[in-house]
There are 2 protein chains.
Amino acid sequence: MKSNEIKEAALKFFTIHGYEGASLSQIAKEVGMKKQSIYAHFKGKDDLFMQVLRDAKEAELSSKLHYISKMDSHSPKKDLYGFLQLVIDLFQKKEQLKFWLRISFFPPAHLAEAIEKEVLDMEEKVQLILESKFQDWIHTQTIIGQAAKIPTLAFLGVVDSILLELVYGNDEKRLKDKLEASWAVFWRGISLH
Amino acid sequence: MKSNEIKEAALKFFTIHGYEGASLSQIAKEVGMKKQSIYAHFKGKDDLFMQVLRDAKEAELSSKLHYISKMDSHSPKKDLYGFLQLVIDLFQKKEQLKFWLRISFFPPAHLAEAIEKEVLDMEEKVQLILESKFQDWIHTQTIIGQAAKIPTLAFLGVVDSILLELVYGNDEKRLKDKLEASWAVFWRGISLH
DNA sequence: CGATAACTGACGAACGTTCGTTAGATACGG
DNA sequence: CCGTATCTAACGAACGTTCGTCAGTTATCG
């Protein structure tokens with residue numbers, strides 16, 4: 001399908017240059033056609049952009065939910081650290097997470113509202129299922145605490161800080177250091193000892 | 001000075017729309033002049049942008065260093081939490097941190113190299129002075145650990161996650177929740193107990 | 001034949017930038 | 001104190017390019 005090739009190229013340039021910085025002619029050239037031909041597949045730049053956005057959201061959401069739902073509820077240490085690894089992996093292997101991050105932080109002003117809705121929807125779903133996992137661990141006294149919300153938000157904070165390091169990402173070693181440091185302190189902060 | 005008015009307006013539009021999304025005519029209109037007149041004060045768009053960038057860096061760096069150097073080394077709990085508050089305050093009161101964040105994460109491609117240098121320089125300085133503080137606390141057995149780098153990086157991670165929530169910033173309550181959660185877990189992670 | 005998807009050509013609008021010019025302030029020598 | 005020269009900061013007009021978009025035409029293929 002040619003539409004997918006266009007979306008793939010669009011994903012690439014939107015990620016690198018942002019909405020305003022990416023041009024249809026650039027994208028078209030990447031797939032070997034003229035920019036006007038894009039209009040045979042999409043209504044316009046906004047339409048193309050929003051379709052790329054929804055694809056990226058779906059891909060990331062399903063990856064995360066799939067991983068979380070496979071957690072066995074017995075070893076939070078392994079499961080949570082594995083989740084961090086998953087995020088790093090997703091970021092490095094799939095352009096979509098990079099794109100998603102960029103435009104969820106800094107959406108083009110005239111699409112900000114529509115984008116925010118998608119972002120909130122996703123965030124909500126991940127937090128909800130993650131929180132239920134933490135609730136289980138608290139119940140079985142695998143970790144400390146009463147309110148599951150606290151470790152959940154703290155963990156999402158660790159995820160965010162790692163994502164930020166990835167975005168910023170010039171240094172593999174620094175990423176590793178930061179991951180280990182954040183993880184060590186986080187785990188000590190929620191574990192029984 | 002008219003130059004400062006231009007930089008102020010430029011800061012605003014660069015922050016909202018990014019480098020490519022902000023236009024000189026927009027900026028000029030904000031200060032009540034034509035875009036051509038900007039060239040009496042700056043060599044061009046790039047020059048204006050880089051000057052705004054350096055101003056923002058300087059402002060943020062001096063704010064942070066000033067705060068850190070005033071830490072009294074006796075109460076890390078108060079000092080570190082205060083630093084988080086400072087960051088939140090800076091973000092909400094001064095447009096410059098918002099700008100700095102945006103363009104350090106997603107710099108315009110053709111200026112990426114120059115920007116990265118500024119960002120690294122700043123990051124390095126903050127980490128260095130913060131690490132020496134942590135070293136003191138470890139020495140005086142106010143917090144746990146041996147290597148000061150671990151709590152330092154973890155703390156910077158907390159700062160980043162809060163910044164991200166601010167950027168993302170649609171919800172005051174969510175920010176508060178996340179701050180409290182991350183802080184509680186972080187503090188338990190490095191405190192003696 | 002009909003449909004799909006590519007093409008060419010053209011559009012108005014906006015972009016960053018350069019030019020020559022003007023009005024006003026400042027500095028200086030007689 | 002006056003006239004002149006220099007400097008500053010703004011201007012309108014225009015430059016060449018690129019932008020996103022639309023209309024009409026041609027090629028491909030079941």
Side-chain angles (χ1 to χ4, degrees), chain A residues 1-56 99 102-103 106-115 118, chain B residues 1-56 99 102-103 106-115 118:
Chain A
M1 197 70 95
K2 212 68 179 185
S3 298
N4 289 334
E5 282 184 52
I6 296 175
K7 285 198 278 188
E8 212 171 304
L11 175 69
K12 174 178 164 185
F13 285 105
F14 283 141
T15 303
I16 300 175
H17 298 109
Y19 178 88
E20 290 93 352
S23 73
L24 293 183
S25 53
Q26 252 181 336
I27 295 166
K29 183 183 278 182
E30 178 86 359
V31 292
M33 54 163 57
K34 299 295 155 113
K35 60 174 177 175
Q36 301 95 318
S37 305
I38 293 178
Y39 285 77
H41 302 268
F42 303 92
K43 286 183 190 170
K45 194 181 188 183
D46 285 2
D47 181 35
L48 171 57
F49 181 84
M50 289 305 290
Q51 288 204 33
V52 171
L53 176 80
R54 296 210 172 86
D55 285 0
F99 169 84
R102 166 156 203 167
I103 63 93
F106 302 111
H110 73 289
L111 297 176
E113 210 168 326
I115 293 172
E118 304 284 343
Chain B
M1 200 69 101
K2 213 67 177 185
S3 297
N4 289 333
E5 281 183 53
I6 297 175
K7 284 200 277 188
E8 212 172 303
L11 175 70
K12 175 179 164 184
F13 285 105
F14 282 141
T15 303
I16 301 175
H17 299 109
Y19 178 89
E20 291 93 352
S23 74
L24 292 184
S25 52
Q26 251 182 335
I27 294 167
K29 183 183 278 184
E30 178 86 359
V31 292
M33 53 162 60
K34 296 299 155 85
K35 61 175 175 176
Q36 307 93 304
S37 308
I38 292 178
Y39 286 78
H41 303 268
F42 303 93
K43 285 183 189 170
K45 195 181 187 183
D46 285 2
D47 181 35
L48 172 58
F49 181 83
M50 289 304 290
Q51 288 204 32
V52 171
L53 175 80
R54 297 208 173 88
D55 284 0
F99 169 84
R102 165 155 204 167
I103 63 94
F106 303 110
H110 74 290
L111 296 177
E113 210 168 323
I115 293 173
E118 304 283 344

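Just so you know, these numbers use all the heavy atoms, side chains as well, and skip hydrogens, waters and symmetry mates. In the text below, chain A, chain B and the rest are named by the order of the sequence lines, each starting its count at 1.
- Of the possible donor and acceptor atoms, none in the side chain of K35(B) sits under 3.5 Å from a partner among the backbone N and O of S23(B).
- Taken residue by residue, residues 15-35 of chain B places heavy atoms nearer than 4.0 Å to DNA chain D at M33(B), K34(B).
- Set against dT17(C), dG20(D), dA6(C), the side chain of K2(A) has dA6(C) as its closest nucleotide.
- Remark: S37(A) is in phosphate contact with dC7(C), judged by side-chain N or O atoms under 4.0 Å from OP1 or OP2.
- For Q36(A) against dG20(D), no side-chain N or O and base N or O form a donor-acceptor pair under 3.5 Å.
- Phosphate contact (OP1/OP2 of dT4(C), side-chain N/O of H41(A), threshold under 4.0 Å): absent.
- We find that NZ of K45(B) is positioned 12 Å from C1' of dT17(C), with the value rounded to whole Å.
- From H41(A), atom NE2 reaches atom NZ of K2(A) across 8.0 Å, with rounding to the nearest 0.5 Å.
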>> Between F14(B) and K45(B), is the side-chain contact (heavy atoms from CB on, under 4.5 Å) condition met? List the steps.
In response: CA-CA 11 Å; F14(B) 282 141; K45(B) 195 181 187 183; 4.2 Å; yes

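- As rounded to whole Å, 19 Å separates atom C1' of dT17(C) from atom CZ of F49(B).
- Counted by atom type alone, D47(B) and Y39(B) present zero donor-acceptor pairs between their side chains at under 3.5 Å.
- In this structure, the side chains of K29(A) and Q26(A) stay at 4.5 Å or more apart for every pair of heavy atoms.
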Might you list the N or O atoms of the protein lying below 3.5 Å from N or O atoms in nucleotides 21-25 of chain C, with each pair's distance?
none

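- One interatomic measurement links the two molecules: OH of Y39(B) to P of dC15(C), which rounds to 12 Å at whole-angstrom precision.
- The line from CE of M50(A) to CG of D55(A) is 11.5 Å long, rounded to the nearest 0.5 Å.
- Checked against L53(B) for a side chain to side chain contact (heavy atoms under 4.5 Å, CB included), the options I103(B), L11(B), L48(B) give a single hit: I103(B).
- Using a 4.5 Å cut-off on side-chain heavy atoms (C-beta onward), L24(A) and F13(A) make no contact.
- For the atom pair R54(B) CZ and F49(B) CZ, the distance stands at 10.5 Å (nearest 0.5 Å).
- In this structure, the CZ atom of F42(B) is 11 Å from the P atom of dA10(D), given to the nearest Å.
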